[in-house]
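Heads up: the structure comes next, in structure tokens.
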Amino acid sequence: MQRRIRRAAEPLRDDLQDTIRGLSIRSAGRGSGKRGGMSPTTRPLRATIAGAIRISVRTAGTPGARVWVDKGLLPPDLKRMPQVINEGRIRHPVFGNRRRWATQTATPLWWDKTVARHKSRMESEVARVVDDVRRRLE
């Protein structure tokens, strides 16, 4: 039962990972005469978040699956980043300079919209699994 519920949730996890990897994060750009350069970190933001998306399955009580971001796998400064990106507006200091801030935008509600696309399929799949187990026990 647990394996079948996990299999039902895997397409959602994979779609969430693909969505965050392909998510466009835009900025207003630099004004004329502004300095710029490479990022001081080599850490890929979207790939780091995608790697932290996990599935947990419960079979007792109300059976189902939970797809979530494991914040323990994210660096300390990125713990809130999945939620911030989902809100669609990312404000951050420019290269760590707390006197200078930049605002970037992303597609809002990327997590919510992706979950909504998979919700009915997952609910029916879990209901089918539970019915199969009930029939076997009778």
Could you state the interatomic distance from [atom1] ([X]) to [atom2] ([Y]), rounded to the nearest 0.5 Å?
| X | Y | atom1 | atom2 | result |
| --- | --- | --- | --- | --- |
| Arg80 | Lys71 | CZ | NZ | 8.0 Å |
| Leu12 | Thr19 | CG | OG1 | 9.0 Å |
| Gln2 | Arg4 | CD | CZ | 13.0 Å |
| Arg21 | Ile49 | CZ | CD1 | 11.0 Å |
| Asn86 | Leu23 | CG | CG | 9.5 Å |

Next on the checklist: Run Ile53 and Val67 through side chain to side chain contact (heavy atoms under 4.5 Å, CB included) and show every step you take.
Outcome noted: CA-CA 7 Å; Ile53 297 175; Val67 180; 3.8 Å; yes
Would you say that [X] contacts [Y] through its side chain, given a criterion of any heavy-atom pair below 4.5 Å between the two side chains?
| X | Y | value |
| --- | --- | --- |
| Trp111 | Ile20 | no |
| Pro63 | Val133 | no |
| Asp132 | Met1 | no |
| Thr103 | Arg89 | yes |
| Thr105 | Ile25 | no |
| Ile85 | Leu45 | yes |
| Arg54 | Val69 | no |

Report, one line per pair, each donor and acceptor closer than 3.5 Å where one atom sits in a side chain of residues 119-130; sequence neighbours left out.
residue	atom	partner	partner atom	Å
Arg121	NH1	Ala8	O	3.0
Arg121	NH2	Ala8	O	3.1
Arg121	NH2	His118	ND1	3.4
Ser124	OG	Ser120	O	3.2
Ser124	OG	Arg121	O	2.9
Glu125	OE1	Arg128	NH2	2.3
Glu125	OE2	Arg128	NH2	3.0

Checklist outcome for this item: side chain to side chain contact (heavy atoms under 4.5 Å, CB included) filter on Pro93, not counting sequence neighbours, yields Arg98, Trp101
Item to check | Which residues share a side chain to side chain contact (heavy atoms under 4.5 Å, CB included) with Ser56, sequence neighbours left out | outcome: Arg66, Trp68
Next on the checklist: Tell me whether the count of non-hydrogen atoms from other residues, nucleotides or ligands lying under 6.0 Å of CZ in Arg91 goes above 12.
Outcome noted: yes
Item to check | Whether Lys79 side chain and Leu74 backbone form a donor-acceptor pair below 3.5 Å | outcome: yes
Item to check | Joint cluster assignment, Ile90 & Leu109, ILVMFWY side-chain distance < 4.5 Å | outcome: no
Next on the checklist: So which atom in Pro75 and which in Thr48 form the shortest heavy-atom distance, rounded to 0.1 Å?
Outcome noted: CD-CG2, 3.8 Å
Next on the checklist: Looking at every non-hydrogen atom in both residues, tell me the closest pair between Gly51 and Leu73 and how far apart they are.
Outcome noted: O-CD1, 4.1 Å
